[in-house]
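Only one structure is covered here, and it is reproduced in the block below.
Proteins come first, then strands; the chains are lettered A, B, ... in the order of their sequence lines, and each starts at number 1. Hydrogens, waters and symmetry mates play no part in the numbers below; they use all other heavy atoms, side chains included.
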Amino acid sequence: MEQLDFNRKLSEMLDRIADMLSVDERGTVRFEVRAYRKAALSIAELDEDVRRVYRDGGQGALMEIPGIGAGISRSIIEYIERGRMRKYEMLKRRYPIDFESLTRIEGLGPKRVVSLYRLLGVKDVAGLRAALDKHRIRGLKGFGERSEEAIGRGISMLESARGRALLGDALPDAEFIVDKLRASGLAERVEIAGSIRRMQETIGDIDILAASSRQEEVMDVFSKLDSVESVILRGSTKTSVRLRNGMNCDLRVIEPDSFGAALQYFTGNKYHNVSVRKIAIKRGYKLNEYGLFNRSGKDMARSRDERWIYNRLGMDYIPPEMREDRGEIGLALKHGISDPVELGDLRGDMHTHTRDSDGMNSIEEMAEAAIRSGLEYFATTNHTKSLRIANGMNERGFAEYFKRVDALNDRMNGRIRVIKGAEVDILKDGSLDLSRKSLESMECVVASVHSSFNMDERRMTDRIVKAMDSGLVHILGHPTGRLIFKRDGYPIDLDRIGEAAERDGVAIEINSFPDRLDLCDTNIMYISKYKIRFAIDSDAHSVKHFSNLRYGVGTARRGWLTKDRILNCNEIKRLRLGR
DNA sequence: GCCGTTTTCGGCCCGACTGTTTTCAGTCG
């Protein structure tokens with residue numbers, strides 16, 4: 001975490017520079033803004049600490065990074081060596097505004113943010129909220145009543161995110177801490193518990209459990225981690241800290257004999273745990289974080305093993321992701337729990353991008369990364385022409401691109417198989433953004449909505465069903481279009497989507513991007529009553545994004561899906577992507 | 001400010017949508 005913290009901070013500064021420059025962009029500044037955005041993205045995607053790149057290779061090595069040239073590399077060096085960047089500070093003096101939070105509000109970009117600052121002195125979300133409450137915004141030039149309402153909604157979305165993080169941010173941070181605790185050698189076991197272990201899509205705080213008899217020493221190591229900002233409370237069994245990333249993290253240290261019981265106790269959501277404890281009572285036991293006891297309070301068994309506890313209560317073991325009290329307990333009592341899909345069951349990925357549209361890497365680099373991720377095949381599915389911003393490709397572009405894919409497949413000699421496809425836009429009227437002939441030539445067509453989000457449920461569903469009924473589509477991409485903490489999905493009728501998927505043999509995507517996770521767990525549970533398959537896709541826009549697949553798998557597990565429901569758990573010859 | 005099978009200057013993904021306007025600015029993707 002800490003090594004990439006620097007990259008993250010640098011990337012944010014470059015993005016802020018882009019924000020501030022964009023306020024009075026004219027002439028070539030327009031392109032300067034774009035250059036800073038690209039540089040910011042490039043730094044954020046970098047696997048290596050920028051400081052290390054510079055140390056090992058000097059300015060020349062920095063300029064090797066795509067989007068970093070003479071100017072920005074000078075600024076980076078200045079920041080590495082002096083901890084400051086003059087260009088940033090100069091602009092910041094002119095605009096002392098919290099762009100970071102304000103521009104996260106849907107419908108507010110840098111220009112309107114600056115306009116609110118100049119006209120009303122709004123510097124942050126609190127100031128915006130105050131101006132909003134006094135209805136001071138609707139009178140401003142360029143704003144009206146509807147803008148005011150939209151901003152109000154945006155603030156509410158942002159506030160609902162306060163103190164919460166995406167699973168995709170919280171899990172790596174938690175793993176970093178777990179690794180450090182394990183490396184200390186003081187604990188027999190260290191595991192993540194709580195909502196992260198359940199792979200919930202957003203996380204309030206990080207829960208970690210350690211089995212050790214050397215509690216004080218473990219707590220010492222934990223409180224002194226670099227990622228810890230301050231210690232909130234410190235005891236021998238529980239310590240709470242505030243992390244530099246803004247999240248709280250609890251560490252509980254348990255006697256090794258009780259570890260299984262504790263893990264069970266600190267994993268399920270409240271309702272799951274209450275139900276399991278009721279079952280224990282019914283069977284004459286008492287269950288707590290230390291073990292399973294008989295009614296007299298006599299020690300039945302401290303437990304090193306969660307599974308033992310469930311079995312002792314006459315239940316199947318329940319995977320962490322299912323512990324939400326959504327019917328899993330009844331099922332476990334009837335011994336009806338089926339093992340949900342695991343990351344290792346995935347053999348391929350049906351949705352990825354390259355720099356030929358809006359990805360960061362070449363198809364060759366993506367292929368190598370897919371191999372490293374243990375995949376046997378993946379579909380390359382670049383955007384189609386109407387998505388200009390994403391450099392969408394036309395029919396001819398795809399034809400030429402596929403020649404290169406063919407050549408790559410030849411060279412790969414079976415190490416991996418690249419499937420030729422596209423993520424085709426579902427246009428406003430439900431038609432697809434490439435010719436029938438072009439789409440028919442592809443092995444995998446993912447169809448997604450990227451525009452005109454504000455249709456009502458009936459029209460949006462009509463639009464999507466029409467696309468599915470075209471006979472050209474294999475997978476419906478990110479079916480609701482939601483972006484966690486940013487916008488709700490467009491409304492769709494899941495029953496009609498499910499019926500169409502069944503009728504047309506279209507698989508429903510579970511998009512693994514941390515801010516999408518779309519379909520989400522509850523919608524998966526709902527729609528899985530139809531005889532349909534799902535595709536767990538990375539939607540990778542860079543080689544790093546294959547690692548997001550675990551979030552899609554976690555979501556599928558939360559939706560109780562077994563591997564036989566997942567399209568890309570099949571070996572390639574059994575994919576049956578026929579039309 | 002970056003970049004180069006258009007190569008050291010002169011390009012740089014731009015159209016749709018919304019809400020504000022009455023011809024367009026800002027935002028999004």
Next item on the list: Describe the nucleic acid contact of A/R487 in one word from base, sugar-phosphate, nothing, applying a heavy-atom distance below 4.0 Å.
Entry: sugar-phosphate
Item checked: B/dT8 and B/dG4, which share atom name C1', separated by this distance in whole Å -> 9 Å
Margin query: Using the ring centroid of each side chain, check whether A/Y79 and A/F6 are separated by less than 6.0 Å.
Written below: yes
Note to self: Please report the distance, rounded to the nearest Å, between CD1 in A/I17 and P in B/dC2.
What the structure shows: 11 Å
Item checked: Atom-to-atom span, CG of A/L14 to C1' of B/dC2 - whole angstrom -> 13 Å
Notebook entry, point to check: Is it the case that A/T461 and A/D493 place a side-chain donor and acceptor less than 3.5 Å from each other?
Noted result: no
Next item on the list: Using the C1' atom as the reference point in each nucleotide, state the distance between B/dC9 and B/dC14 in Å, no decimals.
Entry: 23 Å
Notebook entry, point to check: Just how far, in rounded Å, is P of B/dT27 from CZ of A/R104?
Noted result: 17 Å
Margin query: Taking any heavy-atom pair under 4.0 Å as a contact, classify A/K385: base, sugar-phosphate, or nothing.
Written below: nothing
Margin query: Salt bridge or not between A/E89 and A/R84? Use side-chain N to carboxylate O under 4.0 Å.
Written below: yes
Check: Looking only at atom P, what distance separates B/dT20 and B/dC28, rounded to whole Å?
Finding: 15 Å
Margin query: I'd like to know if the side chain of A/D521 pairs up with that of A/T555 as donor and acceptor (distance under 3.5 Å, no hydrogens or angles considered).
Written below: no
Notebook entry, point to check: Salt bridge or not for A/K437 and A/E395, using N-O below 4.0 Å?
Noted result: no
Note to self: Just the rounded figure in Å: distance from C1' of B/dC3 to CE of A/M63.
What the structure shows: 10 Å
Check: For A/K486 and B/dT27, what is the distance between atoms NZ and P respectively, to the nearest whole Å?
Finding: 12 Å
Checklist line | P spacing across the pair B/dG11 / B/dC17, given as an integer number of angstrom | finding: 30 Å
Next item on the list: Go through the side-chain N and O atoms of A/N391 and A/H383 and say whether any donor and acceptor fall under 3.5 Å apart.
Entry: no
Notebook entry, point to check: Please give, in whole Å, the distance from B/dG26 P to A/I105 CD1?
Noted result: 18 Å
Note to self: Please report the distance separating the C1' of B/dG29 from the corresponding atom of B/dC13, rounded so that it comes out in whole Å.
What the structure shows: 11 Å
Next item on the list: In plain terms, say whether A/R415 and A/E368 are close enough for a salt bridge, that is, a side-chain N and a carboxylate O under 4.0 Å apart.
Entry: yes
Next item on the list: Check the distance between B/dG1's P and A/Y36's OH and give it to me in whole angstrom.
Entry: 5 Å
Note to self: Need the pair for B/dT8. Rule: Watson-Crick or G-U wobble, both distances under 3.5 Å, any strand; none if unpaired.
What the structure shows: none
Next item on the list: Give the rounded distance in Å between these two atoms: CD1 of A/I426 and P of B/dG29.
Entry: 17 Å
Checklist line | Summary of protein contacts for nucleotides 10-20 of chain B, nucleotide by nucleotide, where a base hit scores B, a sugar-phosphate-only hit scores S (4.0 Å, heavy atoms) | finding: --BBSS-SSSS
Notebook entry, point to check: What nucleotide, of B/dC2, B/dG29, B/dT27, holds the atom closest to the side chain of A/A35?
Noted result: B/dC2
Margin query: By nearest heavy atom, map A/G107 and A/E32 onto DNA chain B; which one lands nearer the 5' end?
Written below: A/E32
Check: What interatomic distance, in whole Å, is found between P of B/dT21 and the corresponding atom of B/dA16?
Finding: 24 Å
Check: Taking atom types as modelled and ignoring hydrogens, do the side chains of A/H474 and A/E443 form a donor-acceptor contact shorter than 3.5 angstrom?
Finding: no
